[in-house]
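One structure is given here, and the rest of the page talks about it.
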Amino acid sequence: MSRHKILVLPGDGIGPEIVAEAEKVLDVLASYHGLDITVEHGLIGGAAIDKTGTPLPDVSLEKARKADAILLGAVGGPKWEPLDISIRPEKGLLKIRAELELFANLRPALTAPQLVSASTLRSEVVSGLDLMIVRELTGGIYFGQPRGIRELDNGEKQGFNTLVYSESEIRRIGRVAFESALKRNRRVCSVDKANVLEVTQLWRDVMTEMSQEYPEVELTHMYVDNAAMQLVRAPKQFDVMVTTNMFGDILSDLASMLTGSIGMLPSASLDEEGKGMYEPIHGSAPDIAGQNMANPLATILSVAMLLRYSLGETEQADRVEKAVDRVLEGGYRTADIYSEGTKKVSTSEMGDAVATALKGFK
Ligand code: NAD
């Protein structure tokens, strides 16, 4: 039996294309560098709806429970938008995160030196950026009850959702943020809207209380509107940012553009034991799906996170990150990060370039 079991869930849109490139990387690690893995595949999202009528079939969830780590492409697309919200592709994603209690979402935003000019911001603002966004993933307004659309007495419709966090939920994500900061530059910025929302006043109180346990870490607080502004104005002031599910969703997409492209950013979603699901932060990009032009690097870098955080294969993770660096150094660029003087390549050519670089390492 192999040491590690990985479940691959390609999903929809560009999902299957980018995941195929990530699998090339896993294949090279297995055949050239002794990585001992078994890879299984499963259905999720629209692809699962088309075949089984549900966005997360039980068999996929069962495989996910048995796996050591999960690699996901992306889910969703216009084809499934007319469906009721309760059975849309995105529900499959929310369900797997909730069922596996993947409450901690780590989203590093690192600007590769070779891509400084691909950002829409001035190079002195983004060059050297190394930020970790820690987003709470299984609570908050995306999961809170009650929720729905109801009809009022006057016949008007009213939509409602509930933003709710308990102390224990805040504490466990706080711990992930403080522990991450200890391995980095020892600063945590907790992002809330405590001036308006009571639930995030509690968030702020719990973070402040927890900081007593981490005297080596400097804790600051920032309102989310200011945080959005500061991320664009001076992003290098941040080390670790910790925030709620919805604020983290929005701020991490914003942060992706500091690095040049949403196609560059990986993520890890972890449970309390470090088991995790790994995916690029972007969606299924229906506008470019099927054209072999998506950037697979966020997914390949998600493989590096998978190796590091869930499999404990630090050396293999280093190899993958080094190979991506080598390929960028060699001037290979997919359309989203292309600039004059570099080589424009397709999704599969980018994957091949990373695989070739990996083969060359000791
Ligand atoms: P998106 O992230 O799919 O795309 C936003 C823009 O970024 C598009 O112009 C797209 O072409 C570009 N882009 C994204 N990934 C890219 C890559 N790897 N290389 C090059 N360009 C890339 O967001 P969206 O358009 O708002 O959503 C599309 C679908 O994806 C929706 O159905 C949405 O619900 C779903 N979605 C899924 C996830 C997920 O699976 N985790 C996350 C976000 C959105």
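Note that these values count all heavy atoms, side chains included, but never hydrogens, waters or copies made by symmetry. Note that ligands are numbered from 1 as they come in the structure, with each ligand's atoms numbered from 1 the same way.
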Taking only residues two or more places apart in sequence, or in another chain, which ones meet R150 in a salt bridge (Lys or Arg N to Asp or Glu O under 4.0 Å)?
none
The complete set of salt bridge (charged side-chain N to carboxylate O under 4.0 Å, His left out) pairs with one or both residues in residues 72-81, sequence neighbours excluded, reads D50-K79
Which N or O atoms of ligand 1 sit under 3.5 Å from a protein N or O, and how far apart is each pair?
from	atom 1	to	atom 2	distance (Å)
ligand 1	2 (O)	G283	N	2.7
ligand 1	3 (O)	G283	N	3.4
ligand 1	3 (O)	S284	N	3.2
ligand 1	3 (O)	A285	N	2.8
ligand 1	9 (O)	D287	OD2	2.9
ligand 1	11 (O)	D287	OD1	2.8
ligand 1	11 (O)	D287	OD2	3.0
ligand 1	15 (N)	H282	ND1	3.3
ligand 1	18 (N)	H282	NE2	3.1
ligand 1	18 (N)	N295	O	3.0
ligand 1	19 (N)	N295	N	2.9
ligand 1	30 (O)	S284	N	3.1
ligand 1	30 (O)	S284	OG	3.2
ligand 1	32 (O)	G77	N	3.1
ligand 1	32 (O)	E90	OE2	3.2
ligand 1	34 (O)	E90	OE2	2.4
ligand 1	40 (O)	V75	N	2.9
ligand 1	41 (N)	E279	OE1	3.2

Does the side chain of H33 pick up a donor-acceptor pair with the side chain of E315 at under 3.5 Å?
no
Side-chain H-bond candidate by donor/acceptor type, R97 with Y142, under 3.5 Å:
no
E23 side chain to H41 side chain, donor-acceptor N/O pair below 3.5 angstrom
yes
Just to verify, what does D239 make a salt bridge (Lys or Arg N to Asp or Glu O under 4.0 Å) with, not counting sequence neighbours?
R184
